[in-house]
Amino acid sequence: MDRIIECVPNFSEGRDKEKVEKIVDCFRNREGVKLLDYTSDEDHNRSVVTVIGEPEPLKDVMVAAIGKAVELIDMTKHQGQHPRMGCVDVVPFIPIRGVTVEDADAVAKAVAKEASEKFGQPFFLYEKSATAPHRENLAKVRQGQFEGMAEKMKDQEKWKPDFGPNTIHPTGGVTAIGARMPLIAYNINLDTPNVEIAQKIADKIRHVKGGFRFCKAMGVMLEDRNIAQVSMNLTDYTKTSVYTVFETVRMEARRYGVNVLGSEVVGLIPLQAIVDCAEYYLGFEGFDSKQVLETRL
């Protein structure tokens with residue numbers, strides 16, 4: 001592949017494995033496309049798929065996956081810890097090699113146009129594809145979630161979809177789609193069941209509350225483990241690093257007599273982000289990522 005775009009669709013199903021597999025099947029064994037990873041979280045009731053491909057084949061498989069999600073996922077019955085507004089909640093396209101953000105934007109718009117016409121799913125363009133400043137931030141677009149979205153979309157001046165019908169799909173909700181730069185989905189688990197503590201820590205580090213510029217964060221409850229979690233998206237790890245948010249969360253947790261149990265990455269992470277952590281914690285001097293053996297293979 002000479003021109004590579006990454007797509008990381010988030011589907012609002014993380015408990016029914018059969019449904020997840022049927023959706024992921026849309027990405028398997030397709031020419032011009034490679035499935036890199038997919039993970040499901042039962043507490044969030046959400047699955048995240050990572051796929052790369054050339055623009056046209058990637059468009060085709062994403063349209064098929066949206067159709068399968070609209071068929072299988074009923075948002076009127078959905079419950080989970082993660083905010084969501086649609087069966088396919090968000091579909092970001094990320095330029096990787098031989099393409100620009102504009103190319104990723106073009107694919108996003110082509111997918112939204114075709115999927116809205118085929119399946120009646122409405123789409124908001126967000127991030128680099130947004131058609132208005134108030135639509136750039138996913139959290140603002142998703143505010144109200146599935147249950148409040150029909151009422152929100154009655155304000156057609158502010159919330160008329162960019163593609164598709166003017167209100168939600170009855171069971172599929174609405175989807176955010178667009179081009180963006182790479183981000184890291186990163187979560188830190190705390191040794192407390194008090195989700196209010198996790199939310200207070202999240203408010204300290206998230207940009208909209210005066211925290212780190214490239215950090216989005218919220219507190220969630222992991223019911224199966226009876227612990228609280230600080231769930232984050234780092235939208236530019238070169239400016240807001242993984243180790244920075246980890247150390248800050250650990251420091252803030254001490255205010256409440258709480259410890260960090262561990263952390264996790266959802267999906268894939270750039271090698272350089274891991275190298276940055278190694279440099280910080282091990283005190284490497286003059287280290288270069290080219291010294292990593294696997295980068296020379």
Side-chain angles (χ1 to χ4, degrees), residues 1 4-94 107-108 110-124 138 142 145-147 149 161 163-165 168-178 185 222-224 231 264-268:
M1 289 186 247
I4 299 178
I5 294 175
E6 179 187 22
C7 186
V8 191
N10 287 224
F11 298 94
S12 295
E13 179 57 71
R15 298 171 182 170
D16 189 323
K17 303 306 180 186
E18 184 176 347
K19 288 183 180 180
V20 172
E21 290 300 324
K22 286 181 179 179
I23 293 169
V24 175
D25 278 344
C26 296
F27 303 103
R28 292 187 170 108
N29 303 316
R30 299 295 192 268
E31 187 174 351
V33 172
K34 184 175 182 179
L35 173 65
L36 297 182
D37 182 70
Y38 68 101
T39 58
S40 298
D41 189 297
E42 292 188 2
D43 289 300
H44 289 197
N45 200 6
R46 191 177 185 87
S47 294
V48 179
V49 176
T50 305
V51 60
I52 60 170
E54 296 177 337
E56 191 64 25
L58 187 60
K59 174 187 79 71
D60 293 340
V61 298
M62 197 57 240
V63 169
I66 291 169
K68 185 59 66 174
V70 171
E71 174 191 338
L72 295 176
I73 300 173
D74 185 349
M75 291 303 296
T76 66
K77 300 176 181 178
H78 184 275
Q79 292 183 333
Q81 293 293 322
H82 200 288
R84 76 288 181 270
M85 63 181 181
C87 59
V88 191
D89 193 53
V90 58
V91 185
F93 290 87
I94 304 107
V107 175
V111 169
K113 182 177 186 300
E114 186 172 339
S116 64
E117 292 171 353
K118 283 187 173 181
F119 313 118
Q121 180 79 356
F123 290 84
F124 290 120
L138 177 60
R142 195 163 51 197
Q145 300 195 55
F146 173 75
E147 290 78 7
M149 200 56 61
F163 294 93
I168 64 169
H169 185 286
T171 57
V174 60
T175 299
I177 192 168
L222 303 186
E223 300 289 350
D224 64 330
S231 180
E264 64 180 10
V265 172
V266 180
L268 303 185

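Reckoned from all heavy atoms, side chains included, excluding hydrogens, waters and symmetry mates. The residues of the chain are indexed from 1 along the displayed sequence.
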Give the intermediate values and the outcome of side-chain contact (heavy atoms from CB on, under 4.5 Å) for residues Val90 and Ile177. CA-CA 6 Å; Val90 58; Ile177 192 168; over 6 Å; no
_One pair to check against salt bridge (Lys or Arg N to Asp or Glu O under 4.0 Å): Asp25 and Lys22. What are the steps and the verdict?_
CA-CA 5 Å; Asp25 278 344; Lys22 286 181 179 179; over 6 Å; no
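Here the CE-NE2 distance, from Met149 to His169, works out to 15.5 Å after rounding to the nearest 0.5 Å. In this structure, the separation between CD1 on Ile73 and CZ on Arg84 is 11.5 Å, given to the nearest 0.5 Å. Taking SG of Cys87 as the start and CZ of Phe146 as the end, the distance is 9.5 Å to the nearest 0.5 Å. Here Leu72 contributes atom CG and Phe11 contributes atom CZ; the two are 10.5 Å apart, rounded to the nearest 0.5 Å. How far CD of Glu71 is from NZ of Lys19: 10.0 Å, rounded to the nearest 0.5 Å. Separation of atoms CG (Asn10) and OG (Ser47) is listed at 9.0 Å; rounding is to 0.5 Å.
Remark: Glu264 pairs with no residue by the salt bridge (Lys or Arg N to Asp or Glu O under 4.0 Å) rule, at least two apart or across chains. Partners of Phe93 according to the ring-ring contact (aromatic ring centres under 6.0 Å, His included) rule, which considers only residues two or more places apart in sequence or in another chain, do not exist here. Partners of Asp74 by side chain to side chain donor-acceptor pair (under 3.5 Å), not counting sequence neighbours, listed by chain and number: Thr76. Partners of His82 under the ring-ring contact (aromatic ring centres under 6.0 Å, His included) rule, at least two apart in sequence or in another chain, are His44.
Although no hydrogens or angles enter the test, the distance criterion places no donor-acceptor pair under 3.5 Å between the side chain of Ser12 and the main chain of Val88. The closest donor-acceptor contact from the side chain of Glu13 to the backbone of Asp16 lies under 3.5 Å. Panel note: side chain Glu31, backbone Val33; no donor-acceptor pair is recorded below 3.5 Å.
Contact between Pro9 and Met62 at its shortest, heavy atoms only, is CB-CE, 3.6 Å. For the pair Ile5 and Val107, the tightest heavy-atom approach, listed with the atom from each and the gap, is CD1-CG2, 3.8 Å. Taking every heavy atom of both residues into account, Ser40 and Gly14 meet most closely at CB-O, 3.9 Å.
Between His78 and Asn45 there is a side-chain heavy-atom pair separated by less than 4.5 Å. Residues Val111 and Val91 fail the side-chain proximity criterion, which asks for heavy atoms closer than 4.5 Å. The side-chain heavy atoms of Val61 and Cys26, taken from C-beta on, include no pair separated by under 4.5 Å. Val51 has its side chain out of reach of Lys34: every pair of non-hydrogen atoms, C-beta onward, lies at least 4.5 Å apart.
Screening residues 35-56 for salt bridge (Lys or Arg N to Asp or Glu O under 4.0 Å), with sequence neighbours left out, gives Arg46-Asp89, Glu56-Lys59.
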Identify every side-chain donor-acceptor pair in residues 116-124 under 3.5 Å, counting partners at least two apart or on other chains, and give the distances.
residue: Ser116; atom: OG; partner: Ala112; partner atom: O; Å: 2.8
residue: Ser116; atom: OG; partner: Lys113; partner atom: O; Å: 2.9
residue: Glu117; atom: OE2; partner: Lys113; partner atom: NZ; Å: 2.9
residue: Lys118; atom: NZ; partner: Glu114; partner atom: OE2; Å: 3.1
residue: Gln121; atom: NE2; partner: Gly172; partner atom: O; Å: 2.9
residue: Gln121; atom: NE2; partner: Thr175; partner atom: OG1; Å: 3.0

